[in-house]
> 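Let me give you the structure first, and then I'll get to my questions.
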Amino acid sequence: MRRGLTQKELAERAGVSVRTVRKLEQGESDTPAHDTVHRLARALRVRTATLSAGPDAAPPDDGDVADWEAVRRAAEGTHKSSPDREPDAAGVDAGCAEAVRLVLASRFAGVRALLPALLCDADALVAASGGDGPARAARSRARQLTGFMLGQTWQLAGAAEVLALALDDAAGDPATERAAAAWLAWARLRGGDLDGCASLASDWADRSEPRLTRASRDEIAAWGRFQVLVATVAARDNRAGEASSALRWARAAAVAGGPDFIPAANRWDVFGPRTVEMAAGEIAVVQGDPGKALAIAGHLDGRGFPVPRNWLRSRLDVAAAHAARREDAEAIAVLAGVRDAAPEWLGHQRGPRNTVAAVLGRSKRAIAPEVRVLADAVRLPL
């Protein structure tokens, strides 16, 4: 009403159906997808958080909840195992290293099988040490991995709880603490808690701001990662000026830190110039500028990229940009490449479901075989 729009005009500007707008106004739908809320907010020129009643719960699949029960119980301290030897910091770190290897390979089942014993060993290590700093830092890393994997499978409440514990464990170890705070902010963003993510990421960006001429690469990367989070959440909340400013600082950090690398305290993440540009592409998609996203992607390639998952994540944005331009064949081809590279990981990503659904919604013919295969890969019911 303030913008002088009819339901039909709002729906057209937002790229949603009139039925969606009508159901929301009449209270028949109180859990819209975050992307829908963002589209409406962008069309109305207000913050996304203004229209959102709270975080997007994004409930996990029942199968994932069942599969990860032992991991959740271990994270809560209710799953007990009997280690064949007294846990030590080297053993816990070795377990974390193996888990990281599986994470980088997007082998979810392998990580799921390893984590319960690793978490129990980390608890035993902390108990045996009397809760000293190094033992708690080791447990923080195990908990960060756990929170990340729970977040990947959309068990967001559990992810936030475990990552909050990881942040508490990391107190006194600055590098581990920064990594835990960044993953907690990521979990909030993944769950649609824009204000929660913005508050945490902004606070830690201020806390960790380095002197670029003296700071280590890891310190620069940690600060740059918080700036990427600030930019991403601001873009999703329709605060373009803040997004642009934070992205500019992230680019400065990337230049100061040099080529993309894996930080020592965060072995399943990466930071550098290409990482920041991939984030810029995601932001362009969020802001409704698919042409800009594709132009950014045209200057990037994944050869030799340290963390394949991050590169594949950017390919999902490329597919979404093609779909937004109604270049459906190109979108499907990009997603097929991601499926071939990391099928288990792709099955847990929700953005591609929207991309495939958009392609299907425009199809006036029988579903092509390659689209049917992709729908199965992204768990989209036909």
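The structure presented is a predicted model; accordingly, all values stated were derived computationally and were not measured.
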> At their closest point, which heavy atom of V286 faces which heavy atom of A235, and how far apart are they?
CG1-O, 3.7 Å
> Which pair of non-hydrogen atoms, one from E344 and one from S106, has the smallest distance, and what is that distance?
OE1-O, 3.5 Å
> Would R190 pass as a cation-pi partner of W154, given that its NZ or CZ must be under 6.0 Å from the six-membered ring centre and within 45 degrees of the axis?
yes
> Cut-off 3.5 Å, side chains only: do N266 and W183 have a donor facing an acceptor?
yes
> What closest approach, in Å, do V111 and A99 show between heavy atoms, and which atom pair accounts for it?
CG2-O, 4.1 Å
> Rounded at 0.5 Å granularity, tell me how far CZ in R39 sits from CZ in R13.
15.5 Å
> Under 3.5 Å, is there a donor-acceptor pair between the side chain of D173 and the main chain of A137?
no
> If you count every heavy atom of other residues, nucleotides or ligands that lies below 6.0 Å from R362 atom CZ, does the total exceed 12?
yes
> Looking only at heavy atoms, which two atoms of W268 and L104 are closest? And how far apart?
CA-CD2, 3.8 Å
> Distance-only, no hydrogens or angles: does the R178 side chain make a donor-acceptor pair with backbone N or O of A222 under 3.5 Å?
no
> Is there a donor-acceptor pair closer than 3.5 Å between any side-chain N or O of R309 and the backbone N or O of A105?
no
> Look at the side chain of T153 and the backbone N and O of M149, then say whether any donor-acceptor pair between them is shorter than 3.5 Å.
yes
> What distance separates L194 CG from S199 OG, expressed to the nearest 0.5 Å?
12.5 Å
> Measure from NZ or CZ of R217 to the centre of the six-membered ring of F261 and say whether it is under 6.0 Å with the direction within 45° of the ring axis.
yes
> When you measure from the side chain of D61 to the backbone N and O of D64, does any donor-acceptor pair fall under 3.5 Å?
no
> Nearest 0.5 Å, what's the CD1-CG distance between I283 and L247?
5.0 Å
> How long is the gap from CG on L312 to CG on N310, to the nearest 0.5 Å?
9.0 Å
> Looking only at the side chains, is there a donor atom on one of H322 and E327 sitting less than 3.5 Å from an acceptor on the other?
yes
> Within a radius of less than 6.0 Å around CH2 of W345, do more than 12 heavy atoms belonging to other residues, nucleotides or ligands occur?
yes
> Counting heavy atoms not belonging to D62, are there more than 12 under 6.0 Å from its CG?
no
> So, are R339 and D376 salt-bridged, with charged N and O less than 4.0 Å apart?
no
> Between W68 and R73, is there a cation-pi geometry (under 6.0 Å to ring centre, at most 45° from the normal)?
no
> Backbone N or O of A240 within a donor-acceptor pair of the S244 side chain at under 3.5 Å?
no
> To the nearest 0.5 angstrom, please state how far the CZ atom of R236 sits from the CD atom of Q287.
10.5 Å
> Would a distance-only check, ignoring hydrogens and angles, find a side-chain to backbone donor-acceptor pair under 3.5 Å from D237 to T48?
yes
> Taking it one step at a time, do L102 and F108 satisfy side-chain contact (heavy atoms from CB on, under 4.5 Å)?
CA-CA 7 Å; L102 294 169; F108 283 34; over 6 Å; no
> So does D168 pair up with R136, basic N to acidic O under 4.0 Å?
yes
> Output yes when a side-chain donor or acceptor of S202 lies under 3.5 Å from a complementary backbone atom of A198, and no otherwise.
yes
> Testing the basics here: between E9 and G4, what is the closest heavy-atom pair and its distance to 0.1 Å?
OE1-O, 3.8 Å
> Got a salt bridge between R325 and E330, using NZ or NE/NH1/NH2 to carboxylate O under 4.0 Å?
no
> First locate atom OG1 of T176, then atom CG of D169, and finally report the distance between them rounded to the nearest 0.5 Å.
10.0 Å
> Looking at T146 and A142, would you say the former's side chain and the latter's main chain have a donor-acceptor pair under 3.5 Å?
yes
> What is the minimum heavy-atom distance between A250 and V276, and which atoms define it?
O-CG2, 3.7 Å
> Could you check whether any side-chain N or O of R274 sits under 3.5 Å from a backbone N or O of D301, counting only pairs where one atom can act as donor and the other as acceptor?
yes
